[in-house]
Structures are given as structure tokens and as C-alpha cells.
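Notes to accompany the following structure.
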Amino acid sequence: MDFQTEAELKVALGFLQQGNPLEAQKIISSLFEHDLESTELMYTNKCCIFWIDSIKRLKSMNDSFERSENILLEWKNFQDYISRENKPYEPALFAVQQGFFKNALEEYKKMLDEKDPLQKAEIYKKTGICYKKLGDFENARAFLREANDIYPNLSSVLAELADCYSLCGEDKFGKVLYREAFFKDPDSIDLDFLDSELIKCLIEKTKSKGYSGKALLYWIPVYGVLGGVFNIKRELTSQEVARLKKDIYAMENEIKDPSCNSEILIPRMLNCYFWLMDHYDLANENQAKINEVLLRIKLLDTSVYEMYIK
């Protein structure tokens with residue numbers, strides 16, 4: 001790539017970073033007249049084409065709720081699309097991320113006066129994700145905390161808040177919130193938007209054990225405990241203990257049914273057993289109660305039991 005082409009490409013990247021893929025693509029098209037072989041130009045052009053189509057798709061949605069649901073989905077689709085390229089061009093990726101989330105942020109800001117508490121919390125969460133992706137962790141945490149105040153204890157919000165703390169080097173708070181999020185409702189957590197090394201390493205470790213899809217979400221907290229990542233514990237309220245024991249009882253009956261979904265049920269039970277043992281430990285209950293739970297773990301999954309007692 002000659003000096004002139006490189007200079008013009010920087011201008012195109014500037015438009016991408018500002019959230020204007022149409023102008024960026026015009027520059028790229030003109031540069032192809034002089035350089036058809038540049039992998040950087042081809043990569044950036046693919047980014048532009050996808051994003052221009054994405055903007056058209058979102059503009060065709062008149063319903064603001066539908067649009068809010070699809071904005072971040074478009075980013076996931078873009079990542080899936082561009083990951084097929086063998087040689088990523090990082091300056092283009094960075095510029096697209098900045099521009100995309102700047103535009104997304106402006107869209108979500110228009111929706112902040114939503115009245116329904118659950119939908120409002122979702123909008124605040126997504127606004128927080130945009131700030132996080134733009135590197136503004138202070139505003140990200142503020143919006144995510146507000147989301148949690150509006151509709152408390154949504155796992156999807158807690159996981160994002162944990163991610164912010166971890167990205168800021170506050171792993172202690174991050175671990176507490178990740179552990180909480182993956183205990184309450186793993187199904188609702190979107191792994192694609194979690195960026196901290198702490199959680200990404202745990203996700204990759206769990207994937208390496210052969211888990212994917214929905215099962216992956218339920219095994220992450222199990223390996224979080226076994227790997228010493230989810231090691232910051234809290235005491236449960238009496239109501240939480242009662243509910244935990246009730247859930248365990250129901251699952252122990254369900255696992256006896258040969259038609260049960262053991263792929264999900266086993267990690268759910270293991271995670272509940274871990275929480276129950278932590279409760280006994282923090283409440284200074286006698287060792288016999290802990291040993292009883294350990295026996296249940298051994299009967300359910302010998303390999304997990306062996307890793308836990310090491």
C-alpha cells in the first residue's frame with residue numbers, strides 16, 4: 001500500500017469511527033481504482049458493506065422496542081460475519097466498534113424515558129454496554145447500577161456490572177457479581193458482551209471441557225468454583241436458604257426421571273450444592289452437614305467431586 005492510499009484509508013477509518021460507514025465506503029471504492037490487492041482495503045470494505053446494510057435493516061423497524069432488541073444483535077451478527085476473515089485488520093475493527101457503539105448509544109439515549117420497569121432496566125443495561133464498549137467504564141457502571149436499581153437482580157445486568165468492575169481492575173467486586181449472576185439465571189447472560197480477562201479465561205476453560213450452547217452457561221459457575229475464580233462468598237438470608245433447599249429437593253427428584261435434561265440439571269445441582277456448602281461454612285454449621293453435601297456431589301459427578309476436594 002502506497003503512502004497516498006494509506007493516508008486516504010486513515011480518512012475512511014475516521015468516518016467509520018464517527019459512525020458513518022457510507023462516507024467511508026465511498027473512499028474505499030475510489031481507492032480500489034488504484035489498489036485492488038490490498039487486504040486492508042478489502043477487509044475495511046467488508047466492514048462498511050455489512051454496516052451499511054445493518055443501518056438499513058434497523059431503519060426499517062418502526063417499533064422502538066423491536067429496534068432496541070436488534071441493535072446489539074446486529075453487532076453479534078457482524079462479529080460472526082467478520083470472524084470468517086483469516087487476517088483481521090485491527091484498525092478497521094476498532095473504528096467500527098467505536099462508530100457502531102456511538103450510534104447505538106444515541107439510539108438508546110432516546111429510549112431512556114421508557115415506563116415499563118423491566119424494559120427500562122434493559123435499555124439502561126444496553127446503554128451501559130455501549131459505554132463499556134467505548135471504554136467509558138464510569139458511565140457504564142452508573143447506567144448498569146441504575147438498571148439494577150430499576151429492576152433488581154437481573155442476571156444479565158449483574159454480569160455486565162461484574163464485567164465493568166473486573167475491567168477496572170476491581171476483581172473482588174467482579175467475582176461476587178459474576179458468581180451471583182451465574183447462580184440466579186445463567187440463561188439470560190449474553191457471553192458475547194463480556195470482555196474481562198477474568199471471565200473470558202473461565203469461558204474458554206469451560207469450553208475446553210467440551211461444553212457449548214446452553215450447557216456452557218450452566219457449567220461456567222461450576223468451573224468458576226473448581227478453578228477458584230468464584231471464591232468470594234456471601235451469607236444467604238433465611239429465605240434464600242429455604243428456597244435453595246427446596247430447589248435442591250426438586251432437582252434431586254427430577255434427576256431420577258430418565259427423560260430429564262441431565263445436561264443442564266447436573267451443573268445446576270452442582271452449583272446449588274456449592275452454595276449450600278458455602279452457607280454451612282459461613283454459618284459455622286457442623287462438618288457433618290458439609291460432608292453430607294459432598295457425598296451427594298460424589299454420587300452425582302465423581303470427577304467434579306475429585307476436583308473439588310483436591
Side-chain angles (χ1 to χ4, degrees), residues 121 124-125 128 137 140-191 194 196-203 205-206 217-251 267-294 296-297 300 304-305 307-310:
Y124 271 75
K125 179 194 78 176
F137 300 128
R141 280 196 291 192
F143 274 89
L144 289 165
R145 280 196 293 257
E146 184 66 22
N148 192 49
D149 288 342
I150 294 166
Y151 204 102
N153 297 320
L154 289 172
S155 284
S156 60
V157 173
L158 295 177
E160 286 295 339
L161 193 51
D163 207 44
C164 273
Y165 278 112
S166 194
L167 285 165
C168 292
E170 298 180 55
D171 278 342
K172 183 178 178 180
F173 291 110
K175 287 179 176 184
V176 170
L177 292 169
Y178 280 133
R179 180 174 178 266
E180 202 80 27
F182 279 97
F183 175 65
K184 289 182 182 298
D185 183 17
D187 266 346
S188 69
I189 299 171
D190 194 333
L191 301 180
L194 300 181
S196 76
E197 281 304 307
L198 180 76
I199 199 67
K200 282 167 73 175
C201 288
L202 178 55
I203 292 167
K205 179 181 179 180
T206 310
L217 291 165
Y218 283 86
W219 278 101
I220 284 171
V222 174
Y223 283 98
V225 171
L226 296 176
V229 180
F230 291 178
N231 58 357
I232 310 292
K233 305 160 189 177
R234 70 167 178 87
E235 180 55 279
L236 300 176
T237 65
S238 57
Q239 292 91 340
E240 286 176 320
V241 174
R243 188 163 60 248
L244 178 61
K245 289 181 177 179
K246 184 180 177 183
D247 288 346
I248 289 172
Y249 178 77
M251 287 187 287
R268 273 187 66 204
M269 290 174 70
L270 290 168
N271 198 24
C272 285
Y273 286 148
F274 291 156
W275 275 72
L276 184 57
M277 284 194 296
D278 289 341
H279 160 68
Y280 287 151
D281 182 43
L282 291 169
N284 293 315
E285 296 280 0
N286 63 59
Q287 186 62 37
K289 288 189 175 183
I290 295 174
N291 290 341
E292 181 193 339
V293 181
L294 280 171
R296 294 191 212 177
I297 292 173
L300 184 65
V304 168
Y305 170 79
M307 284 186 277
Y308 186 83
I309 63 171
K310 273 186 180 178

State which residues pass side chain to side chain contact (heavy atoms under 4.5 Å, CB included) with Thr237; sequence neighbours excluded, sorted by chain then number.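 By the side chain to side chain contact (heavy atoms under 4.5 Å, CB included) rule, Thr237 matches Gln239, Glu240.
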Using salt bridge (Lys or Arg N to Asp or Glu O under 4.0 Å) as the criterion, point out the one residue from Glu146, Glu170, Glu160 that pairs with Arg141. Glu170
Within a strict 4.5 Å, meaning less than it, do heavy atoms of the [X] and [Y] side chains meet?
X: Leu270; Y: Trp219; result: yes
X: Ile290; Y: Glu285; result: no
X: Leu161; Y: Glu180; result: no
X: Leu300; Y: Tyr273; result: yes

Between Leu158 and Phe183, does a side chain to side chain contact (heavy atoms under 4.5 Å, CB included) hold up when you go through it step by step? CA-CA 11 Å; Leu158 295 177; Phe183 175 65; over 6 Å; no
Just do the side chain to side chain donor-acceptor pair (under 3.5 Å) check on Asp163 and Tyr178 with the steps written out, would you? CA-CA 8 Å; Asp163 207 44; Tyr178 280 133; 2.6 Å; yes
Examine distances only and state if a side-chain atom of Asp247 and a backbone atom of Ala250 form a donor-acceptor pair shorter than 3.5 Å. no
Which atom pair, heavy atoms only, marks the closest approach of [X] to [Y]?
X: Asn148; Y: Asn153; answer: OD1-N, 2.8 Å
X: Ser155; Y: Lys184; answer: OG-CB, 3.3 Å
X: Phe230; Y: Lys175; answer: CD2-O, 4.5 Å
X: Leu226; Y: Val304; answer: CD2-O, 3.9 Å
X: Ala159; Y: Ile189; answer: CB-CG2, 3.9 Å
X: Ile248; Y: Cys272; answer: CG1-CB, 3.7 Å

Do other residues, nucleotides or ligands put more than 12 heavy atoms under 6.0 Å from Tyr308 OH?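 It does: Tyr308 OH has more than 12 such atoms within range.
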Counting only heavy atoms not in Phe137, do more than 12 fall under 6.0 Å of its CZ?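 Yes, because the 6.0 Å sphere around CZ of Phe137 holds more than 12 heavy atoms from other groups.
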Ion pair check, Lys125 and Asp190, cut-off under 4.0 Å: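 A salt bridge is absent here (no side-chain N lies under 4.0 Å from a carboxylate O).
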Run the numbers on Met277 and Ile297 for side chain to side chain contact (heavy atoms under 4.5 Å, CB included), then give the verdict. CA-CA 11 Å; Met277 284 194 296; Ile297 292 173; 3.5 Å; yes
Could you grab the distance from atom [atom1] of [X] to atom [atom2] of [Y], nearest 0.5 Å is fine?
X: Leu144; Y: Tyr165; atom1: CG; atom2: OH; answer: 9.5 Å
X: Phe274; Y: Asp281; atom1: CZ; atom2: CG; answer: 14.0 Å
X: Leu282; Y: Lys233; atom1: CG; atom2: NZ; answer: 7.0 Å
X: Ile220; Y: Ile203; atom1: CD1; atom2: CD1; answer: 5.0 Å
X: Arg296; Y: Asn291; atom1: CZ; atom2: CG; answer: 12.0 Å
X: Tyr305; Y: Leu294; atom1: OH; atom2: CG; answer: 6.0 Å

Set out, in order, the CA-CA distance, both residues' side-chain angles and the distance that settles side chain to side chain contact (heavy atoms under 4.5 Å, CB included) for Glu292 and Tyr280, then state yes or no. CA-CA 11 Å; Glu292 181 193 339; Tyr280 287 151; over 6 Å; no
Quick one, Tyr218 with Asn271, criterion side chain to side chain contact (heavy atoms under 4.5 Å, CB included). Give me CA distance, side-chain angles, the key distance, then yes/no. CA-CA 8 Å; Tyr218 283 86; Asn271 198 24; over 6 Å; no
